[in-house]
Amino acid sequence: MTRWVLHVDLDQFIAAVEVLRRPELRGRPVVVGGDGDPTKRGVVATASYEARACGVHSGLPLRTAARRCQDAVFLPVDKPAYEEVSAVVMATLRRFDAIVEVMGWDEAFLAVDTDDPRAVARRVQDAISQAASLACTVGIGENKLQAKLATGFGKPAGIFRLTYQNWFEVLGRRRTDALWGIGNKTARKLAGLGIETVTDLAAADPQALAASFGPATGPWLVQTARGLASAEVTGEPYRARGHGRETTYQENIDSWERVTAEIGRLARLVAGDLSQHERPVIRVVVKVRYAPFTTRTHGQPFTATARGAEEIEQAALAALDRFTGRGPVRLLGVRAEFAPDDGEEEAGG
């Protein structure tokens, strides 16, 4: 038998849970975010497919979502409800003869030994439907990278296989940011080097890219474009890569002195949260969203031996000093990033 990787992604998970709780909403545009009041500041956590057809998507301001989809039903985020349903789904996946790696509320990787991965994928879909009344998409690949990307081609509620055999047929002409781990910033930098597509990147010289992106990231970019990934599916419990706090203000903050005070407050809250984690912190990142909706982030390497409130706050304020804009602020955030586990790959985007 052959080892295959399946990526299971619950379709429109949060919205689907809300529709299960309120069957009368089925078929209607549903938007979940903030406290459910679109007249207040906040962003969309998720949107049903009907709302997405109106241009509503995750991260969109609630007020903008209300303008784009005037018939939408807005609901508040209910984290305990989503965690409860997610636990049912993950318990269902663990009943399979597979290694299960949970990636969050709504997705997981399965490593299975089989000659018919599509049949396993169908069984997974049926099991989740019976246990939780939810639909899911399953991506099939020869590694985690391929399976993750395959899911996007199978949505909604489908199954798609992406392997070395059809890798360039499916992805070759697409922009480099179609790849998992490569964001817009990295794609723009690659384009500046004349590398526009996945095929271009796969043909690039790893050492040449190392000069532009660093000795680890440069070769990793080329390997990713070739469909290569070394990370194995692991059954270890999911471990977050960081912990953060953020606040959206209903009225803009016009005083940078108050911004500084708020960053200090958020940093101290993060430091308190870190008492539940033993992993070392390597960086503290500050996020500032200026009005009307421009977001900037800056990070500060964390080198202190202690990680109490004072040390986290100092690092956050050092990151804040990197910001040059002093315009009105609508959101602030502080995040502590953990050192990666042994063997964990760092994204290049």
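What you see is a predicted model, and the numbers here were worked out from it, not measured in a lab. Throughout, residue positions are numbered sequentially from 1 according to the sequence presented.
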Step-by-step side chain to side chain contact (heavy atoms under 4.5 Å, CB included) determination, Asp113 to Asp97: CA-CA 8 Å; Asp113 294 319; Asp97 185 14; over 6 Å; no

Steps toward salt bridge (charged side-chain N to carboxylate O under 4.0 Å, His left out) verdict (Asp78, Arg21): CA-CA 11 Å; Asp78 188 349; Arg21 301 164 78 188; 2.8 Å; yes

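Relative ring orientation between His7 and Phe109 is described as tilted, the plane-to-plane angle lying within the 30° to 60° band.
Of the possible polar contacts, one joining the Gln146 side chain to the Glu142 backbone as a donor-acceptor pair under 3.5 Å is found. In this structure a side-chain-to-backbone donor-acceptor pair under 3.5 Å is present from Arg174 to Val170. Under a 3.5 Å cut-off, the side chain of Gln12 and the backbone N or O of Tyr49 do form a donor-acceptor pair. At distances below 3.5 Å, at least one donor-acceptor pair connects side-chain atoms of Arg41 with backbone N or O atoms of Tyr249. Thr92 contributes no side-chain N or O that, together with a main-chain N or O of Ala127, makes up a donor-acceptor pair within less than 3.5 Å. Checked by atom type and distance alone, the side chain of Lys189 pairs as donor or acceptor with a backbone atom of Ser212 at under 3.5 Å. No donor-acceptor pair closer than 3.5 Å links the side chain of Glu107 to the backbone N or O of Gly104. Within the 3.5 Å criterion, the main-chain N or O of Pro292 finds a donor-acceptor partner in the side chain of Arg330. Judged by distance alone, the side chain of Arg245 and the main-chain N or O of Leu269 form no donor-acceptor pair under 3.5 Å.
If you take CZ on Arg265 and OG1 on Thr247, they are separated by 4.5 Å, rounding to the nearest 0.5 Å. Between the CZ atom in Arg123 and the CD atom in Gln125 there is a gap of 12.0 Å [rounded to 0.5 Å]. Atom CZ in Arg28 sits 10.0 Å away from atom SG in Cys69 (nearest 0.5 Å). The distance from the CG atom of Asp321 to the CG atom of Leu317 is 7.0 Å, given to the nearest 0.5 Å. Remark: Leu60 CG to Cys54 SG distance equals 11.5 Å, nearest 0.5 Å. Here the CD1-OG1 distance, from Ile182 to Thr217, works out to 10.0 Å after rounding to the nearest 0.5 Å.
Atom CD of Glu83 has more than 12 heavy atoms from other residues, nucleotides or ligands within 6.0 Å. The number of heavy atoms from other shown groups lying within 6.0 Å of CZ (Arg3) is above 12. No more than 12 heavy atoms of other residues, nucleotides or ligands lie within 6.0 Å of CD in Glu257, so this atom counts as exposed by the packing criterion.
A continuous path of hydrophobic side-chain contacts links Val73 to Leu20 [ILVMFWY only; heavy atoms under 4.5 Å].
For the pair Arg161 and Trp4, the cation-pi criterion (under 6.0 Å, within 45° of the ring axis) is fulfilled. For the pair Arg289 and Phe293, the cation sits on the ring face: its NZ or CZ lies under 6.0 Å from the ring centre, inside 45° of the axis.
At a threshold of 4.0 Å, the pair Glu246-Lys287 counts as salt-bridged, since one of the basic side-chain nitrogens sits closer than that to a carboxylate oxygen.
Annotation: ring pair (Phe, Tyr, Trp, His ring centres under 6.0 Å) contacts of Tyr82 (sequence neighbours excluded): Trp105.
Judged by distance alone, the side chains of Asp11 and Thr137 do bring a donor and an acceptor atom under 3.5 Å apart.
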